[in-house]
Amino acid sequence: MPEGHTVHRLARTFAELFGGQILEVTSPQGRFDAGARLLDGLRLQSAQAWGKHLFLGLSREDGGGSDPLDDHLLWLHVHLGLYGSWTFAGDGTDDVAHAIGAPRRRVGERESVSALPAVGADGPGPWNPPEPRGQVRVRLLGEHAVADLTGPTRCEVVTAAERDRAIARLGPDPIRADADPEAFVARVRRSRTSVGAQLMDQSVIAGVGNIYRAEALFRAELDPWTPGRDVPAETLRTLWTDLVDLMHDGVRVGAIVTTRPEDRAAPGADVPPARPVRQNTDGTPGAVPREESFYVYQRAGQSCRRCGTPVVVEDMAARKLYRCPGCQR
DNA sequence: TGTACATGAGCAC
DNA sequence: TGCTCCTGTACAT
């Protein structure tokens, strides 16, 4: 269940584990057989993230990933949607162990990497990856690692032109260096649609999901229900800058943490969350525990860490919106 | 074994 | 706005 930072981490992981390698592409589930046949035996040249969209560029050429080959690439376009996940496993070689960490590195909340020896891997030579678990739509098998995709909302093979058209529909991505914050500011202020709803619109800003939406609006002390056109441009620039920082931290750490150290374990920490939520730094020494990671997300009924007012949850465009009525007015 | 829920998005009306 | 699709997990029965 990714937001943009997860997809950027995935792109980086694909480049590290499979970059420049010829991949064996299959669809254990069978629902991607035609696409898998198109990609099978091609070399991974590029791994890119735009918002929540992952694009893996493959070709028959050995071009070292240089841009001039772009027109020759076929792109695997994946959107994880609400349930999608990538699961990685390595053969336990030093290189892979280094790349994926030991004993495991989670790339997103539900993406896991196992460095456990694969089935039958007891010496030099070809290794036998673990059997696919669950409904694996597509499996990418490289020299030392395997990646299994389950539950994507989108998994398709597209041309470079089709990839470009998909990207053109997206707003600026705060994690990308080439993003234009003024495009975001102008787009929000053009509409009377609430700023909270617009933050979830991927054509306004790409990569923001329900958690970053709730948390960034809290940090900006901005009422999510404020019409976009009524939000001062300077406030939106500050919001953008904060999202850039938060989402870059998310890419670096592998988890969403929006609370400042001085606000953790403040009022409200005495009430456990209604449901445990997996954090991809579970077990990592020094990681901020989930119950201290957010100001408002999934903290309905608990006291605001800043003002003590109970956090509320509301429906906005069919999604749950968390906010503090005391701080966000 | 059944049900509810989840960090998303496209489509019909 | 409501429905649908995609899947795994936790919890209740």
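Letters go in sequence order (proteins before strands), and every chain restarts at 1.
Remark: side-chain polar atoms of Asp173(A) are paired, donor with acceptor, to backbone N or O of Gly51(A) under 3.5 angstrom. Side-chain N or O atoms of Gln202(A) include one that pairs as donor or acceptor with a backbone N or O of Gly207(A) at under 3.5 Å. In terms of modelled atom types and a separation under 3.5 Å, the side chain of Asp263(A) and the main chain of Tyr295(A) share no donor-acceptor contact.
A donor-acceptor contact closer than 3.5 angstrom links the side chains of Arg187(A) and Ser203(A).
The aromatic ring of Tyr83(A) does not stack onto the base of dC6(C), failing the criterion of a centre distance under 5.5 Å from the six-membered base ring together with planes under 30° apart.
When the ring pair (Phe, Tyr, Trp, His ring centres under 6.0 Å) test is applied to Phe14(A), the partners found at least two apart in sequence or on another chain are Phe18(A), Trp86(A), Phe88(A). Take His77(A) and apply the ring pair (Phe, Tyr, Trp, His ring centres under 6.0 Å) test, not counting sequence neighbours, and it matches His53(A), Phe55(A).
Nearest heavy-atom pair, Gly4(A) versus Ile175(A), reported as atom, atom and distance to 0.1 Å: C-CD1, 3.8 Å.
Spacing of P atoms, dA4(B) relative to dC3(C), comes out at 15 Å, to the nearest Å. Rounded to the nearest Å, the gap between the P atom of dC13(B) and that of dC5(C) is 15 Å. For the C1' atoms, the distance linking dT9(C) with dA9(B) amounts to 22 Å, nearest Å. Nucleotides dC5(B) and dT13(C) place their P atoms 14 Å apart, quoted to the nearest Å. Taking atom C1' on both dT7(B) and dT1(C), the two are 22 Å apart, rounded to the nearest angstrom.
Atom pair Leu80(A):CG and dG8(C):P shows a separation of 13 Å (rounding to whole Å applied). As a whole-Å value, the separation of Ile205(A) CD1 from dG8(B) P is 13 Å. For the pair Phe294(A) CZ and dA6(B) C1', the computed distance is 13 Å after rounding to whole Å. For the pair Tyr297(A) OH and dC5(B) P, the interatomic distance rounds to 13 Å; values are reported in whole Å. Trp86(A) has its CH2 atom 15 Å from the C1' atom of dT7(C), to the nearest Å. Whole-Å rounding puts the Arg299(A) CZ to dT7(B) P distance at 17 Å. One can place CE of Met316(A) at 18 Å from C1' of dG2(C), the figure rounded to the nearest angstrom. Whole-Å rounding puts the Asp148(A) CG to dG8(C) P distance at 11 Å.
Within residues 23-33 of chain A, the residues that place at least one heavy atom under 4.0 Å from DNA chain C are, in residue-number order, Gln29(A), Arg31(A).
Arg329(A) and Asp223(A) are not joined by a salt bridge, as no carboxylate oxygen comes within less than 4.0 angstrom of a charged side-chain nitrogen.
Annotation for Trp225(A): hydrophobic cluster partners, listed by chain and number, are Met316(A), Leu321(A) (ILVMFWY side-chain heavy atoms under 4.5 Å, direct or chained).
Residue pairs meeting the side-chain hydrogen bond (donor to acceptor under 3.5 Å, both in side chains) criterion with at least one partner in residues 22-38 of chain A, sequence neighbours excluded, are Gln29(A)-Gln135(A), Gln29(A)-Arg137(A).
Here Tyr212(A) does not reach the OP1 or OP2 of dT7(B): none of its side-chain N or O atoms lies under 4.0 Å away.
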Please tabulate, one pair per line, each protein N/O and nucleotide N/O from nucleotides 9-13 of chain B that are separated by under 3.5 Å, including the distance.
residue: dA9(B); atom: OP1; partner: His79(A); partner atom: NE2; Å: 3.1
residue: dA9(B); atom: OP2; partner: Lys52(A); partner atom: NZ; Å: 3.4

